K.L.:
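Before I ask anything, here is the structure I am working with.
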Amino acid sequence: MKLSKIFIPTLKEVPSDALIPSHQLMLRAGMIRPLGAGIYSFLPLGYRLMKKVMEIIRDEMDGIGGQEFHLPALNPVELWEETDRVKAFGDTMFHIKNRALVLAPTHEEVICSIAKNHIRSYRDLPQIWYQIQTKFRNEARPRSGVIRGRQFLMKDSYSLDATWPGLDASYDAHAQAYKNIFTRVGLKFFIVGASSGAMGGSASQEFMVESEAGEDTCAICDGCGYAANIEVAASAVPGALKNGESAAVEEIHTPGVKTIDELREFLKVDESVLAKSLVYMAGQRPVMILMVGNDQLNESKLQVVLGADARPAHPDELKALTGADGGSIGPIGLDGFRIIADKRLEGANNLISGANKNDYHLRNIDLKRDTKIDAYYDLRTALAGEPCTTCSKPLRVIRAIELGHIFKLGTKYADAMKASFLDEHGKEKPIIMGSYGIGVERVIACHIEQSHDKNGIVWTKGLTPFHVHLVLVNANNAKITAVANDLNEKFEALLLGVLYDDRGDVSPGFKFKDADLLGMPLQVIVGEKHVANGNVEVKHRATGEREIIEIGKVVQYVEKYYES
RNA sequence: CGGGAUGUAGCGCAGCCCGGUUAGCGCGCCUGCCUUGGGCGCAGGAGGUCGCGAGUUCGAAUCUCGCCAUCCCGACCA
């Protein structure tokens, strides 16, 4: 491919809207251009990368028996009513104004409708169906270039199984395929246990790349390899233990004290004897949640307990339900509440909490004696430095970008849409599903985040738009032009991807800067200096190392480089 | 959706506070010459509804109000 012909509009200056390296470099390298918030055009170089990623994904998906589909992005809204996900997605789903259609944010429903109509027998199972297709999500705030867009490319696959062990096998096959895919594209990734969220189901894992630009937070144990999204991460913090004999409950006047920090200062006590009370509404029913001191409630963990529609109570609801405002609320003397508490509070006594009377607190509360706790759950957010639950080493907490997510969905969708089959005993059963996604643009962006320097992108053998960047230093010199033309033809004949900078109106310095910016792993530089001695120069982008190679041997050199 | 910032040529920015020539600079672009191992040099040139709309004023890029767009923080995020 001649650089004089291919449209790669590189930029010398950094566009002011881009802050993270991958976004800046994708713009500067002429891979993408913005069209609106979270909407990007992929230019020839960017699309070439996309196709490379898709090629690897297809190879691995086909390898586990996946069959590629092409499903419509335009879906009847009734289809989504069947699983009640119009409500679940809410404003995140795009709705078409002049038809009862939506733009699909994912494809469980479409897959399930096909399965419902055509899967009749256990003999039809298992199936792995996948596609690589544009997804639409009306993100409230797109950000970080292509990492969170309103339109993006996703490889989504769905497993259909007759049995639970079958689902396990399909899930494990996907996990292995994902490891292969991310390894092949040259990413340093890790896998975490994750929350299934509104997708439902029994288990899920995310494939993550560590990055400051990431939107997810993960807890990692370097000791035993435990890794979990902070949404589900546990840590071994000690409980607020039983503290002597339970004394009689007494009221204390605490004028103006609202927060846990203020209460601790006012009473000069340790945080661990304070019980923080939060009120959520689960449907019509108020739920009080008790946490130790300043432990942060983890809303993902809470959702698992209360369901997805739980929300914090409004201040006026608080007052009506408890008789007090936030800051003076507590578990004693409530009516009609479900009360749940964080595990750290199990068996604790002599606690201090709100009195449900403004400016008053109660001390010496014994949760067992003085109130009825419906259940104890792990509801707190794990913090960096807390001990790992399995090996006690301190946890690290890092930011990460989610590349892929795999779910065991179970029968949620088949139940809702009545997609069933007959087993070997002639008994009707729901199809057991799994769903699995990879963000294609994110693979590219993450690769750049992990592999770049001040001069530009550094592609790797596993993922590069071209194998070699051929630089003709001076197109006005007939001799070296002939050498470069010849090399270009030889590379092309061998189906090695070559980007040939044959431009005649650009200075050598300009070409070198562009080559570094575009980041092909190898640059073959054809200039008078070395051609005079029958040589060309090979520059390794990653290390800057340069080698002088005989003209006749350079094609072989490149071939060999990619073989190893 | 809450908070903050920005909007002037394709890109990066100055001018705005304190209203007043023909709205400027760098890069890029076009023409010609020159140069050819790290974003060359010289000369000439094209390119602008100053985000949009109203208002104040003799006069608005500049002041006021409304709207829109983009980015950042937060909430949200299968």
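In what follows, every chain begins at residue 1, and chains take the letters A, B, ... in the order their sequences are listed. All values reported here derive from a predicted model rather than from experimental measurement.
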K.L.:
Residues two or more places apart in sequence or in another chain: which of them pass ring pair (Phe, Tyr, Trp, His ring centres under 6.0 Å) with A/Phe189?
P.N.:
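Listed in chain order: A/Phe182.
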K.L.:
Can you list, by residue number, the residues of residues 15-28 of chain A that have a non-hydrogen atom closer than 4.0 angstrom to RNA chain B?
P.N.:
A/Pro15, A/Ser16, A/Asp17, A/Leu19, A/Arg28
K.L.:
Show every donor-acceptor pair shorter than 3.5 Å between a side-chain atom in residues 86-95 of chain A and any protein atom, with sequence neighbours excluded, or say none if there are none.
P.N.:
{"unit_1": "A/Thr92", "atom_1": "OG1", "unit_2": "A/Phe89", "atom_2": "O", "d": "3.3"}

K.L.:
Report, one pair per line, the protein and nucleotides 25-33 of chain B atoms (nitrogen or oxygen only) whose separation is under 3.5 Å.
P.N.:
{"unit_1": "B/rG26", "atom_1": "N2", "unit_2": "A/Glu13", "atom_2": "OE1", "d": "2.9"}
{"unit_1": "B/rC27", "atom_1": "O3'", "unit_2": "A/Lys12", "atom_2": "NZ", "d": "3.3"}

K.L.:
Looking at residues at least two apart in the chain, or sitting in another chain, which of them share a side-chain hydrogen bond (donor to acceptor under 3.5 Å, both in side chains) with A/Asp295?
P.N.:
A/Arg344, A/Arg380
K.L.:
Among all residues two or more places apart in sequence or in another chain, which pass the salt bridge (charged side-chain N to carboxylate O under 4.0 Å, His left out) test with A/Lys553?
P.N.:
A/Glu550
K.L.:
Could you list the residues that satisfy ring pair (Phe, Tyr, Trp, His ring centres under 6.0 Å) with A/His530, not counting sequence neighbours?
P.N.:
none
K.L.:
May I ask you to list the residues of residues 537-555 of chain A, by number, that have any heavy atom positioned under 4.0 Å from an atom of RNA chain B?
P.N.:
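Residues of residues 537-555 of chain A under 4.0 Å from RNA chain B: A/Glu537, A/Lys539, A/Arg546.
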K.L.:
Taking RNA chain B as the partner, which of residues 74-82 of chain A come within under 4.0 angstrom of it by heavy atom?
P.N.:
none
K.L.:
Short of 4.0 Å, heavy atom to strand atom, which residues of residues 30-44 of chain A count as contacting RNA chain B?
P.N.:
A/Gly36, A/Ala37
K.L.:
Any N/O pairs under 3.5 Å between the protein and nucleotides 43-46 of chain B? List them or say none.
P.N.:
none

K.L.:
Among residues at least two apart in sequence or on other chains, which ones pass side-chain hydrogen bond (donor to acceptor under 3.5 Å, both in side chains) with A/Asp156?
P.N.:
A/Gln131, A/Lys135, A/Tyr158
